[in-house]
Protein chains: 2
Amino acid sequence: MKNNCVEGRSEFNKLNEFSDYLKIIADINRLKILCLLKKGERCVCNINEPLGLRQNLTSHHLKALRDAGLVLTRRDGKWVHYRINTEKLNYLNELYNEIISRQ
Amino acid sequence: MKNNCVEGRSEFNKLNEFSDYLKIIADINRLKILCLLKKGERCVCNINEPLGLRQNLTSHHLKALRDAGLVLTRRDGKWVHYRINTEKLNYLNELYNEIISRQ
DNA sequence: GTGAAATATCAAGCAATATTGATATGATAT
DNA sequence: ATATCATATCAATATTGCTTGATATTTCAC
């Protein structure tokens with residue numbers, strides 16, 4: 001396996017996985033949501049209200065974050081609480097270092 | 001100035017700057033270009049050829065990277081050599097840590 | 001100068017994605 | 001069971017940005 005970005009199946013997959021991750025967090029609203037969640041678990045209405053986003057738009061972005069595995073959910077009666085998926089984020093941070101930061 | 005992601009002019013600007021950066025590097029072709037350039041300076045034809053990209057498309061993405069300040073150029077006769085702007089990238093890596101990685 | 005090579009620019013087409021408005025689902029309280 | 005609150009889904013529109021083809025610019029060799 002070549003250790004560069006052009007050849008090698010494994011590197012190719014990593015780059016695409018990383019690209020998908022970046023596309024998810026590049027959106028300014030999703031970035032704001034992630035920042036809120038970094039402070040702790042929150043229900044949807046405690047996300048859209050401070051950010052000034054419509055409920056359905058917030059729900060839509062949360063779905064994108066959830067589909068990407070970046071957040072986890074927990075239902076509590078009428079409320080659904082969202083939180084950062086720390087393990088996944090740690091893995092993707094490592095990918096960031098590997099692809100962008102190092103050297 | 002509040003130290004969170006919702007309020008505070010400075011935090012707002014940082015998030016937008018960070019979002020713009022992520023949008024630039026999220027594109028798979030620009031990501032591949034950055035990976036090539038991490039190995040050292042390259043002229044345009046030594047970028048599009050290994051990546052299998054058309055010349056004008058490569059040029060277009062290089063312009064995006066240059067406009068974002070992520071790469072620097074040096075003309076050498078008919079050739080234009082591109083290289084990573086290390087200072088800028090270091091700054092943005094720090095921003096990544098600040099906004100995403102830490103805690 | 002003329003021609004050729006390397007790179008850049010531009011406009012048009014197209015695809016992906018964000019946003020909106022309306023509506024549906026799921027849970028609780030009465 | 002009905003009403004209400006919290007959240008999710010869907011279809012339509014709007015927007016953004018990638019890609020392409022054609023053409024322009026810059027530099028060098030002759």
Side-chain angles (χ1 to χ4, degrees), chain A residues 5 12 15-37 40-84, chain B residues 12 15-37 40-85:
Chain A
C5 301
F12 177 78
L15 263 199
N16 277 288
E17 181 185 14
F18 185 55
S19 169
D20 289 343
Y21 161 61
L22 292 177
K23 280 173 190 152
I24 290 296
I25 68 169
D27 180 87
I28 188 67
N29 286 328
R30 286 193 290 264
L31 212 43
K32 288 177 184 171
I33 291 172
L34 285 177
C35 282
L36 276 184
L37 295 181
E41 194 184 60
R42 284 192 180 225
C43 70
V44 179
C45 63
N46 283 335
I47 295 170
N48 61 25
E49 193 275 323
L51 296 182
L53 300 178
R54 292 169 192 241
Q55 179 272 318
N56 56 353
L57 182 56
T58 305
S59 197
H60 172 259
H61 284 311
L62 285 170
K63 176 167 167 45
L65 289 168
R66 196 148 72 101
D67 288 348
L70 291 172
V71 300
L72 300 171
T73 59
R74 172 179 70 85
R75 182 174 272 281
D76 170 29
K78 286 188 284 191
W79 294 269
V80 176
H81 297 267
Y82 282 78
R83 67 182 186 280
I84 299 275
Chain B
F12 178 77
L15 263 199
N16 276 289
E17 181 185 13
F18 185 56
S19 168
D20 288 344
Y21 161 61
L22 292 177
K23 281 172 189 152
I24 290 296
I25 67 169
D27 180 87
I28 188 67
N29 286 328
R30 286 192 290 264
L31 212 43
K32 287 177 183 170
I33 291 172
L34 285 177
C35 283
L36 275 185
L37 294 181
E41 194 184 62
R42 283 191 180 226
C43 69
V44 179
C45 63
N46 283 335
I47 295 171
N48 62 23
E49 193 275 324
L51 296 182
L53 301 177
R54 293 174 190 238
Q55 179 271 320
N56 58 352
L57 182 55
T58 306
S59 196
H60 171 260
H61 284 311
L62 285 170
K63 176 168 167 45
L65 289 168
R66 197 149 72 101
D67 288 348
L70 291 172
V71 300
L72 300 171
T73 59
R74 172 179 70 84
R75 181 174 272 281
D76 170 28
K78 286 188 281 191
W79 294 269
V80 176
H81 296 267
Y82 282 78
R83 66 182 186 281
I84 299 275
N85 183 350

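As a basis for the values below, the full set of heavy atoms in this structure was taken, side chains included, without hydrogen atoms, waters or symmetry mates. Per chain, numbering begins at 1; letters A, B, ... match sequence-line order.
Put simply, Asn48(B) has no side-chain N or O that comes within less than 4.0 Å of OP1 or OP2 on dT7(C). The phosphate of dG21(D) (OP1 or OP2) has a side-chain N or O of Arg54(B) nearer than 4.0 angstrom. Close to dA6(D), at under 4.0 Å from its OP1 or OP2, lies no side-chain N or O of Tyr82(A).
Atom pair Arg66(B):CZ and dT7(C):P shows a separation of 13 Å (rounding to whole Å applied). One interatomic measurement links the two molecules: CG of Asp76(B) to C1' of dT27(D), which rounds to 11 Å at whole-angstrom precision. Note: NZ (Lys78(A)) to P (dA6(D)) measures 6 Å, nearest angstrom. Between the C1' atom of dA12(C) and the NE2 atom of His60(B) lies a distance of 13 Å, rounded to the nearest Å. Regarding Ile47(B), its CD1 atom lies at a distance of 9 Å from the P atom of dA8(C), rounded to whole Å. For the pair Arg74(B) CZ and dT26(D) P, the computed distance is 20 Å after rounding to whole Å. Distance CG (Leu62(A)) to C1' (dT19(C)): 15 Å, rounded to an integer number of Å. For Glu49(B) and dT7(C), the CD to P distance is 12 Å, given to the nearest whole Å.
Residue order along DNA chain C, read from the 5' end via each residue's closest nucleotide, puts Ala64(A) first among Arg75(A) and Ala64(A). Toward the 5′ end of DNA chain C lies the nearest nucleotide of Lys23(A), the other residue of the pair Gln55(A) and Lys23(A) mapping further downstream. Along DNA chain D, the nucleotide nearest to Ser59(A) and the one nearest to Gly77(B) differ in position, and the one closer to the 5' end is contacted by Ser59(A).
Thr73(A) places no side-chain N or O within 3.5 Å of a backbone atom of Tyr82(A) that could act as its donor or acceptor partner. Checked by atom type and distance alone, the side chain of Arg42(B) never pairs as donor or acceptor with a backbone atom of Ile47(B) at under 3.5 Å. In this structure a side-chain-to-backbone donor-acceptor pair under 3.5 Å is present from Arg75(B) to Gly77(B).
At least one side-chain heavy atom of Leu51(A) sits under 4.5 Å from a side-chain heavy atom of Ile33(A).
Residue-level contact check: His61(B) touches the backbone only, with heavy atoms under 4.0 Å from sugar-phosphate atoms and none from bases. Within the 4.0 angstrom heavy-atom criterion, only backbone atoms of the sugar-phosphate kind lie near Arg30(B); the bases stay farther away. The residue Asn56(A) sits close to a base: some heavy atom pair falls under 4.0 Å. Residue Asp27(A) is in sugar-phosphate contact alone, with no base atom involved, counting any heavy-atom pair closer than 4.0 Å across all strands shown.
Closest contact between the side chain of Trp79(B) and the listed nucleotides dA6(C), dT20(C), dT20(D) involves dA6(C).
In this structure, Arg74(B) places its CZ atom where more than 12 heavy-atom neighbours from other residues, nucleotides or ligands lie under 6.0 Å away.
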